[in-house]
Amino acid sequence: MSRYNFRENEAKWQSAWNERRSFEAHADPARPKYYVLEMFPYPSGKLHVGHVRNYTMGDLVARYRRAQGYNVLHPMGWDAFGLPAENAAIAGNVHPAIWTSENIATMRVQLQRMGCTYDWTREIATCHPEYYRHEQKMFLDFLAAGLAYRRESWVNWDPAENTVLANEQVIDGRGWRSGAIVEKRLLAQWFLRITAFNEELLDALKTLDRWPERVRLMQENWIGRSEGARVQFPIGGSAEAVDVFTTRPDTLYGASFLALSPHHRLAQSLAKDDPALAEFIAECDRLGTSEAAIEAAEKRGYRTAIEAIHPLDASRRVPVYVANFVLMEYGTGAIFGCPAHDQRDLDFARKYGLAVIPVVLPPGEDPARFAIGDTAYVEDGVAFNSDFLDGLSVAEAKRAVGERLEKLQRGERTVAYRLRDWGVSRQRYWGCPIPVIHCPDCGIVPVPEDDLPVELPQDVTFDQPGNPLDRHPTWKHVACPYCNSPSTRETDTFDTFFESSWYFLRFCSARAPVAFDRAAAEYWMPVDQYIGGVEHAVLHLLYSRFFTRALQRCGYIDLAEPFAGLFTQGMVLHQTYQNSAEEWLFPKEVGADSDGQLTDAAGRAVTISRLEKMSKSKKNVVDLDDIVDTYGADTARLYLLSDSPPERDLEWTESGIDGSWRYVNRLWRMVSEPAAELPPAGSAMPRDLAPALIALRRLTHKTIATVTDDLDKFRFNRAVARIRELTNALDDIPAAEPGAGAVLREGIEAVTRLIGPMMPHLAEEMWQTLGHAEAIADAPWPVPDPELARDDQVTVAVQVNGKLRGTIELPRDAAAAEAEEAALALPQVARLLDGKAPKKIVVVPNRIVSVVA
RNA sequence: GCGGACGUGGCGAAAUGGUAUACGCAGCAGACUUAAAAUCUGCUUCCCGACAGGGAGUGCGGGUUCAAGUCCCGCCGUCCGCACCA
């Protein structure tokens with residue numbers, strides 16, 4: 001019994017593909033292109049099996065489309081800037097550049113061992129000046145176009161990483177990476193004006209019909225468009241006014257208070273003369289976003305000394321609060337509260353004893369009696385207690401108030417978005433330098449294009465906290481390029497989402513002297529199939545969509561949407577172990593005591609915890625090299641594709657990978673020790689075959705058809721199941737029948753070609769063993785014989801009163817009468833009918849005969 | 001709280017409204033073997049039954065239909081995303 005020698009074969013075929021340069025892509029306008037891209041990895045060290053699910057799927061798509069005749073671009077690169085490199089530098093006294101390039105070298109070999117069809121001539125690493133110089137130029141272009149700007153803003157300060165986090169990167173008040181509690185600080189920051197494309201980014205989601213609905217919805221919610229009005233409330237006894245944004249201008253007459261964000265200009269200025277308010281604001285800052293999550297229900301306000309005048313009724317005044325739940329970054333940083341028709345406002349009003357004035361009457365209620373209890377009324381109704389609005393519906397009242405406010409110049413109808421501009425400044429070393437210079441005379445000036453790139457200095461130390469660029473002895477000191485005054489460079493670097501926002505364009509012409517060759521980009525773009533984790537559903541994908549538009553506006557390319565098709569794959573989960581101290585343990589750290597109870601080295605009880613995403617911190621990673629050494633790349637690829645639907649999470653199990661390994665060997669035996677003697681490759685199929693052999697041929701062609709369909713629809717697990725079914729059937733071939741060898745060859749060849757995108761090395765070896773000179777990587781995708789792919793004989797179910805009572809065999813597309821007759825002839829059916837005529841018979845051709853007794 | 005997804009054997013999971021549990025994992029029994037591994041064969045939703053067969057069955061309760069895992073209404077549960085968004 002021969003075992004499949006994956007070690008020899010995988011190396012052999014990988015070098016054969018290399019020598020033939022099989023996977024180098026060349027733009028060719030005469031051929032249809034297909035750009036398949038997996039989200040490029042951060043070179044964190046070593047790959048584990050969880051990382052490669054994504055690449056296995058991408059490679060399957062690339063090989064499948066290639067076989068279908070597309071000119072495929074399938075590149076790979078490295079998202080090489082980022083904080084872990086600096087952390088490693090601090091922890092291990094190794095330079096980030098060295099740490100990164102060593103990781104890249106390791107991971108490149110790992111990926112190559114997986115046998116993926118990457119065009120390595122296009123490999124990029126974003127930390128190379130030849131890459132990042134182009135984004136420095138882009139930034140200068142954005143600056144000139146008004147798409148980049150600098151302003152002071154409240155930022156989330158991560159004290160562990162010494163860096164600023166975007167709001168999106170703060171999770172439960174903690175840094176999304178470090179987990180440190182985030183503080184608030186005021187800092188001058190560079191921003192990209194993503195909000196200039198609010199409407200477009202939202203509207204174009206509708207056109208992304210090959211994106212998962214879920215991702216589109218998440219982006220829609222993230223952009224968060226809401227229609228409403230800006231309303232001006234004058235402040236009593238002063239010339240000032242507070243601008244408020246509301247989505248419910250129709251409830252303006254129900255206003256009973258104003259609430260300002262603690263960071264609102266007015267709140268800040270009031271605090272100067274009000275120590276208690278200053279303390280309240282400080283408290284809000286201290287709580288930050290962290291405890292707010294814990295005390296989600298705790299809405300607190302501070303009543304200031306001032307009052308606001310109702311914009312439509314100068315005789316009414318409402319108190320002005322500073323409240324911990326009003327966001328400075330959304331709307332105008334101030335709201336009016338209408339407790340009767342907003343639950344949060346109602347809670348606030350009850351807490352501070354404020355008036356609750358209902359102004360929307362629910363259908364069928366008596367205006368004289370209607371009162372609000374514990375629940376605000378937020379549905380549609382008819383305006384009342386509202387002067388000129390009385391009798392109008394909510395929608396009508398919104399419009400009427402808007403018109404009145406506009407006429408009085410006390411406000412206007414407007415649209416607010418939740419989306420905020422993208423802060424791109426990071427106080428870090430290992431990132432792309434922001435190409436500006438701070439001149440004492442000229443102010444902030446761009447670095448002249450001829451001076452690009454601004455390269456990171458290599459000679460830095462990590463022996464002190466903070467940004468090494470800041471304390472570098474010479475790097476930041478330059479003469480102003482415009483007036484020659486002694487000046488300093490910007491020491492902030494870009495958010496690493498900057499690099500990943502255009503790398504897919506760079507791949508189109510990875511060695512071009514410009515960011516990307518326009519003709520190449522216009523040939524290859526957009527990406528036809530992008531594949532990555534759903535964790536990037538909002539940030540990376542939204543930034544890339546914005547960036548592409550920004551480049552379009554700056555004349556780089558005529559393209560708005562970079563990714564025509566998107567697939568988000570599930571995570572790979574693995575069992576975890578935790579001891580009684582809730583520390584994660586490696587499997588090898590777990591033993592058992594004499595009672596069979598699992599324990600750790602210190603004798604603490606160990607429990608098998610829930611399945612978790614593979615991660616170093618949970619100590620449940622399965623090393624890719626171990627798996628490839630033990631089972632080979634094809635086995636790993638098969639398992640990653642076969643066990644769960646691709647969009648769902650996959651549980652990694654030892655027995656599962658074992659099962660895939662068994663199947664690899666079974667396939668190999670099928671060609672190395674065929675069940676019937678195979679005629680030479682290319683032999684004609686004999687004419688007269690036994691029915692069992694014809695059935696086998698039918699199954700072969702049907703499998704080609706269904707697998708093709710499954711691959712088109714990303715149903716890889718189903719495709720594997722179909723191929724296994726065919727394998728099972730081929731194993732049972734009646735080998736003694738005349739023509740069995742020819743039928744077996746046809747079946748085996750189909751299997752070999754169908755597994756080509758999944759297990760490429762094995763497929764090549766099988767194909768060669770079957771006597772083919774051509775590589776399967778260059779062979780076309782099989783096409784089923786349509787006549788054979790359809791059954792000529794079908795099994796039709798027979799139901800009586802909705803219950804299955806038997807089956808009948810009929811020729812395909814048999815007449816309804818014939819089916820009916822055969823069904824009624826079944827003894828079971830006759831018995832149940834008991835001689836009576838059926839009330840009704842429903843015949844669905846080729847499927848079912850349903851008899852109603 | 002809002003939005004979304006999901007709920008099927010011991011487990012991962014299949015199933016254009018038409019034979020529920022394909023394919024695989026695990027388990028059990030057997031063959032081969034000195035033995036083990038590997039491989040092969042058979043069984044494996046539950047209940048009754050020796051078999052034949054019968055009954056129940058896709059989280060729960062209703063409904064539409066000749067026919068519902070699938071469609072509709074109402075619950076329950078799990079997971080994910082967002083969250084003082086005015």
Side-chain angles (χ1 to χ4, degrees), chain A residues 1 3 168 171-172 212-215 217-218 220-222 224-226 228-229 244-249 251 259 261 289 292-293 295-300 323-327 329-338 341-345 347-348 416-419 534-535 537-538 570-571 573 638-639 642-645 647-660 662-663 665-666 669 715 717-728 731 795-808 828 838-853:
Chain A
M1 174 98 37
R3 286 250 220 148
E168 306 92 352
I171 294 164
D172 293 335
E213 184 57 42
R214 166 165 88 115
V215 172
L217 195 75
M218 283 166 77
E220 193 182 315
N221 291 339
W222 194 262
R225 181 183 197 274
S226 42
V244 153
F245 176 76
T246 179
T247 53
R248 293 295 304 273
T251 64
S261 160
T289 42
E295 295 184 289
E298 181 67 53
K299 302 161 184 69
R300 300 180 50 219
N324 61 355
F325 60 87
V326 181
L327 302 180
E329 296 82 3
Y330 184 77
T332 60
I335 63 162
F336 80 77
C338 175
H341 305 293
D342 181 286
Q343 190 59 45
R344 197 197 46 212
D345 292 349
D347 294 343
F348 192 84
Y417 292 87
R418 178 186 178 276
L419 183 66
V534 74
E535 67 271 20
V538 178
M571 299 179 297
L573 310 180
L638 174 66
Y639 180 61
S642 63
D643 216 46
S644 284
E647 68 281 3
R648 240 187 269 180
D649 289 346
L650 170 85
E651 182 188 349
W652 184 274
T653 63
E654 269 306 302
S655 50
I657 188 83
D658 272 340
S660 295
R662 280 200 293 272
Y663 184 59
N665 280 292
R666 231 179 114 189
R669 277 197 306 277
R715 296 193 293 210
N717 58 322
R718 235 172 68 125
V720 172
R722 295 290 162 257
I723 297 171
R724 291 186 93 127
E725 259 179 315
L726 177 56
T727 311
N728 291 345
D731 264 1
T795 306
V796 172
V798 178
Q799 289 183 349
V800 178
N801 291 339
K803 279 196 180 184
L804 183 74
R805 294 296 172 180
T807 59
I808 49 179
Q828 286 277 39
K839 289 198 188 99
K840 185 176 178 183
I841 300 180
V842 179
V843 178
V844 182
N846 303 325
R847 291 215 172 264
I848 203 160
V849 178
S850 185
V851 179
V852 186

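Computed from a predicted structure; not experimentally measured. Proteins get letters first, then strands, A, B, ... in listed order; numbering begins at 1 in each.
- Counting only residues at least two apart or in different chains, side-chain hydrogen bond (donor to acceptor under 3.5 Å, both in side chains) contacts with residues 843-853 of chain A comprise A:D813-A:N846.
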Grab the N/O contacts between the protein and nucleotides 52-55 of chain B below 3.5 Å, and write none if there aren't any.
residue: B:G54; atom: OP1; partner: A:Q828; partner atom: NE2; Å: 3.0
residue: B:G55; atom: OP2; partner: A:R805; partner atom: NH1; Å: 3.4

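- Classified by its glycosidic torsion, B:G9 falls in the syn category, the angle being within 90° of 0.
- Across all strands shown, nothing is found opposite B:U58 as a Watson-Crick or G-U wobble partner with both distances under 3.5 Å.
- The side chain of A:L327 sits closest to B:A86 out of B:C82, B:U39, B:A86.
- Between A:D649 atom CG and B:C79 atom C1' there is a gap of 9 Å when expressed in whole angstrom units.
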Protein proximity profile, nucleotides 15-31 of chain B - base contact B, sugar-phosphate-only contact S, no contact -, cut-off 4.0 Å on heavy atoms: SB-BB--BSSSS-----

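- Nucleotides B:G1 and B:C84 have their C1' atoms positioned 10 Å apart, rounded to a whole Å.
- Nucleotides B:C11 and B:U64, compared at atom C1', are 35 Å apart to the nearest Å.
- Straight-line distance between the P atoms of B:G53 and B:C43: roughly 15 Å, to the nearest whole Å.
- Shown here, B:C71 forms a base pair with B:G63; the pair counts as Watson-Crick or G-U wobble because both key distances fall under 3.5 Å.
- Side chain of A:N665 to main chain of A:R3: no donor-acceptor pair is present (N/O by atom type, distance under 3.5 Å, no hydrogens or angles).
- Looking at residues two or more places apart in sequence or on another chain, you find a salt bridge (Lys or Arg N to Asp or Glu O under 4.0 Å) between A:E213 and A:R216.
- Screening A:D643, A:N717, A:L573 against A:L650 for a side-chain contact (heavy atoms from CB on, under 4.5 Å) leaves a single residue, A:D643.
- Of the nucleotides present, none pairs with B:C85 by Watson-Crick or G-U wobble criteria with both distances under 3.5 Å.
- The gap from the C1' atom of B:U41 to that of B:U45 amounts to 23 Å, rounded to the nearest Å.
- With rounding to whole Å, A:E220 atom CD is found 13 Å from B:G3 atom P.
- Under the Watson-Crick or G-U wobble criterion, with both distances below 3.5 Å, B:A29 is paired with B:U41.
- If you measure from atom CH2 of A:W222 to atom P of B:G81, you get 12 Å, rounded to the nearest angstrom.
- Rounded to the nearest Å, the gap between the P atom of B:C47 and that of B:A31 is 28 Å.
- Rounded to the nearest Å, the gap between the C1' atom of B:U19 and that of B:C66 is 16 Å.
- Of all nucleotides present, only B:C76 satisfies the Watson-Crick or G-U wobble test against B:G7, with each distance under 3.5 Å.
- The phosphate of B:G1 has neither OP1 nor OP2 within less than 4.0 Å of any side-chain N or O from A:R344.
- Here A:R715 pairs with A:D709, A:D710 under the salt bridge (Lys or Arg N to Asp or Glu O under 4.0 Å) rule; sequence neighbours left out.
- Rounded to an integer number of Å, the gap from CD of A:E213 to C1' of B:G81 is 14 Å.
- The nearest whole Å value for the distance from the CG atom in A:D347 to the P atom in B:A86 is 16 Å.
- For A:Y663, there are no ring-ring contact (aromatic ring centres under 6.0 Å, His included) partners at least two apart in sequence or on another chain.
- Of the possible donor and acceptor atoms, one in the side chain of A:Y639 sits under 3.5 Å from a partner among the backbone N and O of A:T653.
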Evaluation steps, side chain to side chain contact (heavy atoms under 4.5 Å, CB included), between A:T727 and A:R666: CA-CA 9 Å; A:T727 311; A:R666 231 179 114 189; 4.0 Å; yes

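- Distance CE (A:M218) to C1' (B:A83): 13 Å, rounded to an integer number of Å.
- The salt bridge (Lys or Arg N to Asp or Glu O under 4.0 Å) search around A:D649 returns none, not counting sequence neighbours.
- A gap of 14 Å separates the C1' atoms of B:A13 and B:A26, to the nearest Å.
- Remark: A:E725 engages A:R722 in a salt bridge (Lys or Arg N to Asp or Glu O under 4.0 Å) (not counting sequence neighbours).
- Rounded to whole Å, the distance from CD on A:E647 to C1' on B:C79 is 15 Å.
- Distance noted for atom C1' between B:G27 and B:C72: 41 Å (whole Å).
- A:L217 comes within contact range of the sugar-phosphate backbone alone, with a heavy-atom separation under 4.0 Å but no base atom that close.
- Judged as a side chain to side chain donor-acceptor pair (under 3.5 Å), and not counting sequence neighbours, A:E220 has no contacts.
- Across B:A86, B:A14, B:U39, the shortest atom-to-atom separation from the side chain of A:P645 is found for B:A14.
- Atoms CZ (A:R669) and C1' (B:U39) sit 6 Å apart, rounded to a whole Å.
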